Structure formats: C-alpha cells, structure tokens
Amino acid sequence: MAELAQLIDSEVFLAYATYTTIVLFKMMLMSLVTAFFRMTRKAFSNPEDTATFGKGENAKKYLRTDPDVERARRGHLNDLENIVPFIGIGLLYALSGPALSTALLHFRIFVGARIFHTIAYLTPLPQPSRGLSWLAGYAVTISMAYRVLKTGLYL
Amino acid sequence: MAELAQLIDSEVFLAYATYTTIVLFKMMLMSLVTAFFRMTRKAFSNPEDTATFGKGENAKKYLRTDPDVERARRGHLNDLENIVPFIGIGLLYALSGPALSTALLHFRIFVGARIFHTIAYLTPLPQPSRGLSWLAGYAVTISMAYRVLKTGLYL
Amino acid sequence: MAELAQLIDSEVFLAYATYTTIVLFKMMLMSLVTAFFRMTRKAFSNPEDTATFGKGENAKKYLRTDPDVERARRGHLNDLENIVPFIGIGLLYALSGPALSTALLHFRIFVGARIFHTIAYLTPLPQPSRGLSWLAGYAVTISMAYRVLKTGLYL
C-alpha cells in the first residue's frame with residue numbers, strides 16, 4: 001500500500017468505480033420494486049400514503065403488510081447488509097495494488113452474485129439458489145478483506 | 001478520470017466531504033429521534049431495556065411497538081437506503097472531475113432533499129411531500145452515477 | 001486538507017483501512033449469527049427456505065419470528081446505522097491530516113465499542129452496557145465529523 005497516490009489513477013480503481021456504481025444502482029432499484037408492490041398490492045405503512053384512497057376506515061384497510069412488499073424489503077435490506085461491506089472493503093482493496101485481472105474477478109463475481117441474488121429472491125427460485133448467490137458475494141468480500149489486512153495491517 | 005491524484009485536492013472533494021458529513025450527521029440524529037420516542041412512548045424491543053420499569057409482567061407491557069417509534073425507524077432505514085448510494089457514487093463522482101458549480105448543485109439538492117424528507121416523514125406532511133423529496137435525492141444520485149459511468153467505464 | 005495526495009500514503013490511512021476492514025468484518029458476522037439462530041430455532045421468513053422441512057402445513061409452521069433471530073437482526077441493523085457513518089466520515093477524517101495517535105484513539109475506541117455492543121446485545125448484558133457502548137461509538141463519529149468540518153468546510 002506504499003504508492004497509493006499513483007494507484008488511484010489505475011485501471012483497478014476505474015473498475016472499482018464502475019462495478020460499485022452498477023451494484024449501488026441495482027440496490028436503488030429495490031426502492032422502485034418495493035414502491036411497485038406497495039401500489040399494486042395496496043399495502044402501505046404510513047396513513048398519509050393512503051389518503052388518495054379516501055378517508056377514515058376506507059383508507060385504514062390499506063395500512064397493512066403484504067408478502068410481496070415484505071419480500072422486496074428483505075431483499076433490499078440484504079443488499080444493504082452485503083453491499084456496504086463490499087464498497088468499504090472494496091475501496092481499500094482497490095487501493096492496495098491488486099493485479100487488474102484478480103480485481104476484476106472479485107468485482108465481477110460480486111456484482112453478478114448480487115444481481116442473481118435479487119432474481120432468486122424476487123422470483124423466488126427454490127433454495128439453495130439464493131443462499132449460494134449470497135455466499136458467493138460474501139466470500140468475495142472476505143477475500144478482499146484478507147488482502148487489505150495482509151497488505152497493510154496497522155493496529 | 002485521468003488525473004485523480006490532483007483532483008483529490010480540489011474544491012469539489014472538499015464540498016463532497018462537507019455535504020457527506022452533514023447528511024451522515026443528519027442520519028445519525030435519527031437514532032436520537034427513535035430513542036426519544038422509545039423513552040416518551042415507553043415502547044421497547046429488548047427486555048433488558050425495560051428493567052428500570054420494574055420486573056415481570058409490569059415491565060413486559062413496555063415490550064411493544066409504537067406508531068411514532070416505527071415511523072422514526074422507517075425514516076432511518078430510508079436514509080440508509082438512499083444515503084449509502086449517495087456516499088459511494090458521490091465519492092466516485094467527486095473524483096471524476098465535474099465542474100464545481102455542477103457538483104455543488106448535486107450535493108446541495110441531495111442534502112436539502114434528505115433534510116426535507118425527514119421533516120416530511122416525522123411531521124408528517126401530506127403526500128406527495130415525502131415522495132417528491134425522496135425522488136429529488138434519488139434523481140441526483142442517478143445523475144451522478146450516469147456521469148461516473150460515462151467518464152470512466154471499465155467492465 | 002491541502003495535501004491530500006500525500007496524506008493518502010500515511011499511516012493514518014493505513015490505520016483507517018485496517019480498522020474499517022475489521023469492523024465491517026464484524027458486521028458481516030452478524031449474517032452468520034442470524035443464519036445460525038434461524039437454523040437452530042427453525043424460524044424463517046421465506047417459504048422457499050422451509051422446503052427442506054416438508055410441504056404444506058408442515059413447512060408453514062416454520063415461517064415465524066423468533067426472539068433470538070430478531071435480536072440478532074436488530075444488532076445487525078444497529079451496526080449498519082452506526083458503521084456506515086463511521087466509514088464515510090472516517091475516510092474524510094483520515095484524509096484531513098489528524099495526528100496518528102489521535103486517529104488511532106478514535107478508530108480503536110469505535111471498533112472496541114462496536115464489538116462490545118454486539119456482545120452486550122447478544123448475551124444480553126443488563127443495561128446500560130449496550131447503551132454506553134453505542135454512545136461511545138456515536139461520540140467518536142461526532143468527534144471525527146467535527147474535525148472534518150473544521151478542517152475543510154465548503155458549503
């Protein structure tokens with residue numbers, strides 16, 4: 001990790017920027033999926049969101065949970081739990097001077113695994129599809145964390 | 001994205017640092033809002049948190065959900081879902097060499113929109129106040145992501 | 001914040017990389033804790049996760065919440081709410097040129113407090129153990145945010 005200032009210009013950093021942006025964009029789409037299910041299933045959390053459906057008891061019945069809405073929300077939260085470590089550790093990994101091909105392998109597997117995870121969650125595909133795609137992303141992040149700590153451990 | 005090392009000294013990066021810190025600080029305040037409602041509404045999630053109210057059945061009745069607590073928690077989670085992409089994509093955007101005025105416009109709209117979102121959520125203001133403030137922050141992040149990918153796409 | 005390009009090589013940045021990786025790794029372990037409780041308590045959220053327990057009514061009874069699972073999930077969400085600000089503000093703090101000893105003090109207290117917070121949440125230890133460990137991490141992040149804004153405020 002000695003020549004960070006040079007490395008920040010590197011193709012590895014560009015690749016990190018590209019894949020991070022893609023996977024964060026994918027996570028942002030989960031908001032739209034949740035909103036879509038809330039509208040079509042008429043299932044809301046806030047009284048002010050149901051005001052267009054009338055007043056009083058008529059609107060109150062839309063303050064409910066719906067399996068599809070909850071599924072999309074769980075997928076979104078799982079994204080947060082897994083993409084946050086990827087971004088944080090991935091940035092430090094990109095600055096630690098890995099070989100471009102190794103870095104690309106990490107980023108591609110992670111982003112591919114998270115996209116597949118979302119498909120597996122929303123379809124839903126039978127297990128262990130979702131479990132394995134979660135594990136693939138998790139293993140990539142651990143592998144990057146290992147390299148960061150090996151390269152420049154300062155306790 | 002060719003001259004990152006120079007750009008990191010730029011006013012754009014300083015602006016990114018300032019607005020990121022402000023919006024993260026705002027997000028952290030949501031913890032205090034939730035704690036405030038938990039105390040005043042006496043609505044807790046953990047048995048050990050109700051121990052000061054006595055033992056057994058007397059304390060157990062405070063293990064409940066409360067509309068105000070849940071509202072603050074939803075606002076907090078919505079912050080996480082939207083501020084995490086802003087920080088990640090915003091960092092790469094700040095390093096992609098945008099014009100200072102354009103960057104400031106992005107950062108200011110985002111932070112303003114998120115502050116208004118919190119006000120709209122907690123008051124609550126009638127819709128579409130909250131929806132539009134959410135959309136403004138979302139659109140800013142998409143706009144930054146577009147520039148990052150256009151500037152230096154590496155797949 | 002004038003000489004960022006040089007500072008990024010500094011020991012402060014190495015320390016930031018090390019402690020961020022450790023605390024994100026700790027957060028990732030919460031996924032395993034939740035998975036462990038879901039398996040041993042047989043409490044799942046998704047119908048496809050209970051397919052191995054048989055079909056129909058027999059599997060449906062495992063679609064339930066469990067106090068230990070919910071506790072682990074609350075701990076995980078609390079991590080997200082607190083570690084995300086630490087990573088974002090901590091990065092800018094590390095680039096703001098603090099003294100190494102001061103920076104190490106901040107990073108060590110934060111990471112120690114979050115590890116203790118997890119122990120206090122999962123055991124659970126009587127309050128105010130969990131509350132104080134949460135407060136310690138919160139105060140460290142505020143202290144770093146104060147320095148970032150003082151060093152280079154650009155509104």
Side-chain angles (χ1 to χ4, degrees), chain A residues 1-9 65 67-68 70-71 73-75 77-96 120-131 134-135 137-155, chain C residues 3-32 34-35 38-39 44-53 63 72-73 75-77 79-88 90-91 94-95 100 103-104 107-108 111:
Chain A
M1 258 198 191
E3 52 294 287
L4 286 185
Q6 295 96 286
L7 287 168
I8 209 172
D9 283 327
T65 59
D68 291 325
E70 295 308 305
R71 181 176 284 277
R73 293 182 62 221
R74 287 196 299 273
L77 186 58
N78 194 281
D79 266 357
L80 265 175
E81 292 170 356
N82 289 279
I83 293 175
V84 164
F86 171 79
I87 300 173
I89 294 172
L91 174 62
L92 306 169
Y93 171 78
L95 297 174
S96 77
Y121 217 144
L122 293 180
T123 308
L125 299 178
Q127 286 282 30
S129 316
R130 201 184 83 232
W134 171 83
L135 187 63
Y138 199 84
V140 164
T141 311
I142 298 288
S143 166
M144 296 195 307
Y146 175 74
R147 191 190 150 87
V148 170
L149 293 180
K150 211 186 58 172
T151 310
L153 192 63
Y154 196 106
L155 284 170
Chain C
E3 51 295 285
L4 287 185
Q6 296 94 287
L7 286 167
I8 209 172
D9 283 329
S10 72
E11 288 176 311
V12 170
F13 194 80
L14 277 187
Y16 168 75
T18 304
Y19 284 99
T20 289
T21 304
I22 290 169
V23 82
L24 282 174
F25 179 69
K26 188 222 78 60
M27 187 174 92
M28 290 176 73
L29 290 181
M30 298 305 288
S31 297
L32 301 186
T34 303
R38 284 205 185 281
M39 302 287 187
F44 299 91
S45 297
N46 300 295
E48 67 268 26
D49 301 350
T50 62
T52 48
F53 302 116
L63 289 177
R73 292 183 62 219
H76 201 164
L77 186 58
D79 266 357
L80 264 176
E81 292 170 355
N82 289 280
I83 293 175
V84 164
F86 171 79
I87 299 173
L91 174 63
L95 297 175
L100 177 60
L104 281 173
F107 300 157
R108 283 174 186 157
V111 174

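Bear in mind that the values here come from a model prediction, so they are computed numbers and not experimental data. Residue numbering restarts at 1 for every chain, and letters A, B, ... go by the order of the sequence lines.
- Partners of Glu81(C) according to the salt bridge (charged side-chain N to carboxylate O under 4.0 Å, His left out) rule, which considers only residues two or more places apart in sequence or in another chain, do not exist here.
- Looking at Leu100(C), the atoms closer than 4.5 Å to chain A (heavy atoms on both sides) all sit in the side chain, from C-beta outward.
- When every heavy atom of Leu29(C) is checked against every heavy atom of Tyr138(A), the shortest pair comes out as N-OH, 3.7 Å.
- Every residue meeting the side-chain hydrogen bond (donor to acceptor under 3.5 Å, both in side chains) condition with Tyr19(C), not counting sequence neighbours, appears here in chain and number order: Arg108(C).
- Heavy-atom pairs under 4.5 Å with chain A were tallied for Leu104(C), Val111(C), Ile83(C); the largest tally goes to Leu104(C).
- Residue with the most contacts toward chain A among Ile22(C), Thr20(C), Asp49(C): Asp49(C) (heavy-atom pairs, distance under 4.5 Å).
- With a 4.5 angstrom heavy-atom cutoff, Ala51(C) does not touch chain A via any of its atoms.
- Of the listed residues (Asp79(C), Val84(C), Asn46(C), Leu24(C)), the greatest number of heavy-atom pairs within a distance under 4.5 Å of chain A belongs to Asn46(C).
- With a 4.5 Å cut-off on non-hydrogen atoms, Ile89(A) touches chain C through its backbone and its side chain both.
- Contacts of Thr52(C) with chain A are absent, with no heavy-atom separation under 4.5 Å from either backbone or side chain.
- Across Met144(A) and Gly90(A), no two heavy atoms sit closer than the pair CE-CA, 3.7 Å.
- Counting all heavy atoms, side chain and backbone alike, Val148(A) lies closest to Leu92(A) at CG2-C, 3.8 Å.
- Heavy atoms of Leu125(A) lying under 4.5 Å from chain C belong exclusively to its backbone.
- Residue Met27(C) touches chain A through its side chain alone, counting heavy-atom pairs closer than 4.5 Å.
- Counting non-hydrogen atoms of neighbouring residues, nucleotides and ligands closer than 6.0 angstrom, the CZ atom of Arg73(C) reaches no more than 12 such neighbours.
- The heavy-atom pair separating Ala103(C) from Val12(C) by the smallest distance is CB-CG1, 3.9 Å.
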